[in-house]
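One structure is given here, and the rest of the page talks about it.
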Amino acid sequence: MLYPVPAVMVSCQRPGEAPNIITVAWAGTICSDPVMLSISVRKERHSYEIIKHTGEFVVNLVTRDLVYAADYCGVKSGRDVDKFRDMNLTPRASVHVQAPGIEESPVNLECRVKQVIELGSHDMFLAEVEGVTVDREYIDEKGKFHLNDTGLVSYSHGEYFQLGEKLGKFGYSVRKKKNSH
């Protein structure tokens with residue numbers, strides 16, 4: 001019941017095969033130095049063997065425009081369909097790993113698996129982020145990336161939601177108030 005969670009599209013590829021995408025709702029940041037994240041994947045999923053074999057994947061953030069494709073990639077198997085083709089998605093060449101990112105996603109996190117933890121229904125892949133690609137459309141003239149303007153999506157109890165109203169900013173609860181005199 002730890003919801004909402006991010007819905008991300010994880011792309012992976014074995015050498016000589018077509019790339020695949022799996023949608024994962026169990027993903028998260030686990031370390032800032034080195035920058036690491038985790039994804040948990042069921043052993044019977046097609047992407048599980050690809051990631052286990054190659055030791056790499058790309059996490060692609062999901063926006064409102066990608067939510068339909070994310071759902072499709074979460075319910076269809078790459079054993080049966082070509083998800084990139086079916087959803088009109090464009091593989092983006094990665095710099096640090098062989099697996100492609102998804103061009104239509106505003107953020108691609110190139111990851112290398114450091115450890116696999118067997119948990120039961122899912123195995124957790126702990127991975128170091130080797131590289132990040134961001135959509136220049138969301139970078140302002142001062143070089144600041146506006147992630148929250150991309151229309152990010154979360155997943156909660158079987159439903160997708162676009163993130164909404166900003167309620168505060170880190171540290172705002174303890175920031176000194178300006179004197180109103």
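Owing to the predicted nature of the structure, the values given are computational and were not obtained by experimental measurement.
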Do side-chain atoms of Ser38 reach the backbone of Ala27 as a donor and acceptor pair under 3.5 angstrom? no
Could you check whether any side-chain heavy atom of Asn20 comes within less than 4.5 Å of a side-chain heavy atom of Ile50, counting everything from C-beta outward? yes
Would you say the side-chain atoms of Gln98 and Thr54 include a donor-acceptor pair closer than 3.5 Å? no
Can you give me the closest heavy-atom contact between Phe145 and Pro106, atom names plus distance? CZ-O, 4.2 Å
Hey, what do you get for CG (Asp82) to CD1 (Ile21), rounding to the nearest 0.5 Å? 8.5 Å
Distance, nearest 0.5 Å, that separates OG1 of Thr150 from CD of Glu137: 9.5 Å
Classify the side-chain pair Thr23/Asp71 by whether it contains a donor and acceptor separated by less than 3.5 Å. no
Counting only heavy atoms not in Arg175 (residues, nucleotides, ligands), do more than 12 fall under 6.0 Å from its CZ? yes
Just how far is it from atom CE of Met124 to atom CG of Leu119, taken to the nearest 0.5 Å? 5.5 Å
Spell out, as yes or no, whether a donor-acceptor pair under 3.5 Å connects the side chain of Ser94 to the backbone of Ala99. yes
Out of curiosity, Arg92 CZ to Leu89 CG, how far, rounded to the nearest 0.5 Å? 12.5 Å
Taking atom types as modelled and ignoring hydrogens, do the side chains of Asp140 and His146 form a donor-acceptor contact shorter than 3.5 angstrom? yes
What's the spacing between Arg42 CZ and Ile22 CD1 if we round to 0.5 Å? 10.0 Å
Where the side chain of Lys83 meets the backbone of Cys73, is there a donor-acceptor pair that is under 3.5 Å apart? yes
Would you please classify the geometry between the His122 ring and the Trp26 ring as parallel, tilted or perpendicular, with 30° and 60° separating the classes? tilted
Salt bridge present between Arg112 and Glu128 (N-O < 4.0 angstrom): no
Aromatic centroids of Tyr48 and Phe125 separated by under 6.0 Å: yes
Going by heavy atoms in the side chains, are Leu126 and Ile30 under 4.5 Å from each other? yes
Hey, does the side chain of Gln162 reach the backbone of Leu152 with a donor-acceptor pair shorter than 3.5 angstrom? no
Do Leu61 and Leu147 make a side-chain contact, defined as non-hydrogen atoms from C-beta onward lying under 4.5 Å apart? yes
Are any of the side-chain heavy atoms of Pro19 and Ser11 separated by less than 4.5 Å? no
Contact check, side chains of Val107 and Tyr138, non-hydrogen atoms, under 4.5 Å: no
What distance do His53 atom NE2 and Gln13 atom CD have between them, rounded to the nearest 0.5 Å? 12.5 Å
Is any side-chain heavy atom of Val8 less than 4.5 Å from a side-chain heavy atom of Asn60? no
